[in-house]
2 protein chains.
Amino acid sequence: MNSVNLKQLAQELNLSVSTVSRALRDSWEISTPTKQRVFDLAKKMNFQPNPYASSLRKHRSRTIAVVIPEVANNFFALAIKGIETVAREKGYHVLIYLTNEEVAEEMAIAASLQSGRVDGVILSLCGSTQDTRHLLDLQQRNIPLVFFDRVSDGITAPKVMTNDHESGFIATEHLIKAGCRRVAHLTISMSLSISHKRQQGYEDGLRRYDQPWDPDLVIHCGSDEEVNYRMIKELFLSDKRPDGVFASVEKLAVQVYHVCRELGLRIPEDVKVISFSNLVTASLLSPSLTTIAQPAYDMGKEAATILFRRLEKKYIVVPEDRVMLPAKLEVRASTMSS
Amino acid sequence: MNSVNLKQLAQELNLSVSTVSRALRDSWEISTPTKQRVFDLAKKMNFQPNPYASSLRKHRSRTIAVVIPEVANNFFALAIKGIETVAREKGYHVLIYLTNEEVAEEMAIAASLQSGRVDGVILSLCGSTQDTRHLLDLQQRNIPLVFFDRVSDGITAPKVMTNDHESGFIATEHLIKAGCRRVAHLTISMSLSISHKRQQGYEDGLRRYDQPWDPDLVIHCGSDEEVNYRMIKELFLSDKRPDGVFASVEKLAVQVYHVCRELGLRIPEDVKVISFSNLVTASLLSPSLTTIAQPAYDMGKEAATILFRRLEKKYIVVPEDRVMLPAKLEVRASTMSS
DNA sequence: TTTATTTACGAAAACGTTGTAGTTGAGAAA
DNA sequence: TTTCTCAACTACAACGTTTTCGTAAATAAA
């Protein structure tokens, strides 16, 4: 434990605790020579103010929470990096919480954050979240909330997102233009608005090019990799075998590769694949994977920036700002026209 | 801010603050009916104890720090997941700090952690760290430190590591047995003990199979991807072109793939590649990459477990425990014998 | 009956910082 | 001289818990 405190500094300097405190915050009430004496001794004794005492007194912790479904995923990892970068610049600390795509964990985390441990929360919903009351509770405690990527439509809060509808449309269009006639959409929990929007984009893409919309070609995947694998395999073994796949999540594209490998289906000859993804190795896959890459790092930075703006200037009450950062299509071999 | 506190509960119940506090911690000093009354009201009013007041009083924050070089790397991401899992089980909170492989940032972070903000630290050194005084300072403040993966030999602290020497040996052996006669080693900062051990394993592997050790075949890479790319390319363009590459870090293997692609070198026919890696897509790369995979998730869990053991039972002073978790060789196409 | 022990609670002092409300002494204005 | 102002500092309360030390009443032991 750090044992040098204001009292000790004060004693050593023959000053009062309050004078030392103020000197350290460079208050105008303290004379320059005194400040210098205080600074010098503080440095010499390696004084570090106790953050908990300060937080208790000021009702501010200079700490934020990042709540995400998973971290072993380049998108979220990069987002964290963006958030951490901005946070450290601003002198904030970052607590991390993983929901593992379990709404129960998300709720427990949200409940624990009501204690005032953090000044604000940056969150990306987990796939199974339907009811968002636990997040409303947070807001009612005056703890600002900023969503990124997996936002909630039901809650008024700043949101950092990508152009999901447009991206879904572009992905579908890209597959159709590459010659696909039966485009499947692999998605996660439809309770997520991003999934919904990507699905809408997919449907609009089909409609735009006069393709029929077949609900059997939309596979709702979950967080169990085994189950996902089986569902995808069944899709390919059914009489409705797709010749194009739009994976809304990176891990599903990976499963498609595995399934195709097992079934002896060639990509892109038999099946073309495109996926939302931030895989660094997309270009090295066999075949290289056409992706729609989200600006994960920038999204993290943006979310953090918005949150800190709220935290620092509370007098400006902006109930909702939405930032839309565009995803980028990277065409690679997996969607080459045969 | 959370505004319901002990005082309010006490008032409502006609009890003293101390009684309410004790009742909530289920103290034997409080009668069962009183406890029940307190529990009920606390639940009803959604009382959440102020963690900062508690931390201030108890000199314990139930918070740990995880300091790592990067997060956009499956190894570290999985380690975080392991740490977070154990932490939440134990009721701890996890602060995350990224050094971005900059020793200056590592030092700044270590300094800021001296404030007593955290009860303990789990750390993986950044590549450029030579002097570790900043970490000794932490220990002197009685903040337990646990290393994982990139440990420091100079500091007495628990360490969770993999069998780096053996793995380096196995990787080299594997390449030689696959027919390589000029095995290169791509490594990062030699100030890191893991790099040193892997290098030793590499050298011992060469020696064991009577291969000459050529310092020109050992490339010391840094954190600048561009520079790494160029150095690797130069290696392949030199008259000492290797026919086998042992990459000590995943990102360097990726660069090797890129370089080979640019230079028209075939893997594994012209060059065989093996790498330390936790890439989920290793098996889908073109060609699939032979890896030495570290049990990242388990390493995270283990590091956290050790740290919490120290934090909970301080009376048992175990100056140093080392846990060695074995890495696993996964043979794939990139090292197939021609 | 008196004395000791136990049970169930309360008062108050911490923890280290910050904010409010003084206080002091020196110089300026009256 | 007295009063006023102002710069530079101090005293003290507050933030919300936890913990130490009491204490009153009830019960047991003498």
Side-chain angles (χ1 to χ4, degrees), chain A residues 1-39 41-42 45-63 91 112 114-119 141-142, chain B residues 1-39 41-42 45-63 91 112 114-119 141-142:
Chain A
M1 263 301 132
N2 184 10
S3 54
V4 39
N5 53 22
L6 284 183
K7 207 188 209 169
Q8 289 171 34
L9 287 185
Q11 227 150 28
E12 194 88 13
L13 290 163
N14 257 325
L15 287 171
S16 77
V17 172
S18 11
T19 303
V20 177
S21 172
R22 262 183 285 259
L24 287 171
R25 354 215 109 248
D26 204 14
S27 157
W28 51 269
E29 287 185 271
I30 309 297
S31 70
T32 316
T34 305
K35 275 184 196 168
Q36 202 51 57
R37 285 209 308 139
V38 174
F39 285 145
L41 188 68
M45 297 183 67
N46 191 16
F47 168 74
Q48 299 276 4
N50 181 313
Y52 296 117
S54 183
S55 294
L56 174 60
R57 182 60 231 243
K58 299 207 290 189
H59 301 284
R60 290 188 75 214
S61 59
R62 295 196 84 79
T63 304
S112 97
Q114 296 205 17
S115 64
R117 183 180 293 275
V118 295
D119 296 343
R141 298 250 180 178
N142 263 323
Chain B
M1 265 298 134
N2 184 9
S3 54
V4 39
N5 55 21
L6 284 184
K7 208 189 208 166
Q8 290 171 34
L9 287 184
Q11 228 151 28
E12 194 87 14
L13 290 163
N14 257 322
L15 288 170
S16 77
V17 172
S18 15
T19 303
V20 176
S21 173
R22 264 185 287 249
L24 288 170
R25 357 215 104 248
D26 204 14
S27 159
W28 51 269
E29 289 186 272
I30 308 298
S31 69
T32 318
T34 305
K35 275 185 195 168
Q36 203 51 56
R37 285 209 306 142
V38 174
F39 284 144
L41 188 70
M45 297 183 67
N46 192 15
F47 168 74
Q48 299 276 5
N50 181 314
Y52 296 116
S54 181
S55 294
L56 175 58
R57 181 60 231 243
K58 300 208 289 190
H59 300 285
R60 291 189 74 215
S61 59
R62 295 196 84 78
T63 303
S112 96
Q114 296 204 20
S115 65
R117 182 180 293 275
V118 295
D119 296 341
R141 298 252 181 177
N142 264 323

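Being a predicted model, the structure only gives us computed values, none of them experimental. Order of the sequence lines fixes the chain letters, A, B, ..., with proteins taken first and strands second; residue numbering starts at 1 for each chain.
- Among the heavy atoms of the strands lying under 4.0 Å from A/L6 is at least one base atom, whether or not backbone atoms are also near.
- One interatomic measurement links the two molecules: CZ of A/R22 to P of C/dT18, which rounds to 10 Å at whole-angstrom precision.
- Atom C1' of nucleotide D/dT18 and atom CG of B/D26 are separated by 16 Å, given to the nearest angstrom.
- Counted by atom type alone, B/T19 and B/S16 present one or more donor-acceptor pairs between their side chains at under 3.5 Å.
- Looking at heavy atoms from C-beta onward, B/S31 lies out of side-chain contact with B/K35 at the 4.5 angstrom threshold.
- Residues A/S61 and A/S55 share a closest heavy-atom pair of CA-OG, 3.4 Å.
- In this structure, the separation between OH on A/Y52 and NE2 on B/H59 is 12.5 Å, given to the nearest 0.5 Å.
- Residue B/W28 is the one, among B/W28 and B/A53, whose nearest nucleotide of DNA chain C lies closer to the 5' end (criterion: closest heavy atom).
- In this structure, CD of A/Q36 is placed 13 Å from P of D/dC9, rounded to the nearest angstrom.
- Distances shown here put every side-chain N or O of A/S16 at or beyond 4.0 Å from the OP1 or OP2 atom of D/dC9.
- As rounded to whole Å, 12 Å separates atom C1' of C/dT17 from atom NZ of A/K7.
- Mapping A/L56 and B/N14 onto DNA chain C by nearest heavy atom places B/N14 at the nucleotide closer to the 5' end.
- Distances shorter than 4.0 Å separate some side-chain N or O of B/N5 from OP1 or OP2 on D/dG16.
- Listed nucleotides: D/dT18, C/dT17, D/dC9. Nearest to the side chain of B/K58: D/dT18.
- Applying the 4.0 Å criterion to OP1 and OP2 of C/dG10, one finds that B/S18 has every side-chain N and O outside that range.
- Smallest separation of non-hydrogen atoms from B/M45 and B/V4: O-CG1, 3.6 Å.
- What separates NE2 of A/H59 from P of C/dG19 is a distance of 10 Å, to the nearest Å.
- Between B/T19 and C/dG10 there is a side-chain polar atom (N or O) within less than 4.0 angstrom of OP1 or OP2.
- We find that NZ of B/K35 is positioned 10 Å from P of C/dC9, with the value rounded to whole Å.
- Rounded to whole angstrom, the span from the OH atom of B/Y52 across to the P atom of C/dA14 amounts to 26 Å.
- Comparing D/dT17, D/dA11, C/dG16 by their nearest atom to the side chain of A/R57 picks out C/dG16.
- The side chain of B/E29 has D/dG22 as its nearest neighbour among D/dG22, D/dC9, D/dT17.
- Residue B/S21 places at least one side-chain N or O closer than 4.0 Å to OP1 or OP2 of D/dT18.
- A/S55 comes within 4.0 angstrom of no nucleic acid atom, judged by non-hydrogen atoms across all strands.
- Using a cutoff of 4.0 Å between basic side-chain nitrogens and carboxylate oxygens, B/R62 and B/D119 are not scored as salt-bridged.
- Regarding contacts with the backbone of D/dC9, a side-chain N or O of A/S31 is found under 4.0 angstrom from either OP1 or OP2.
- The CG atom of B/N50 sits 13 Å away from the C1' atom of D/dT18 (whole-angstrom rounding).
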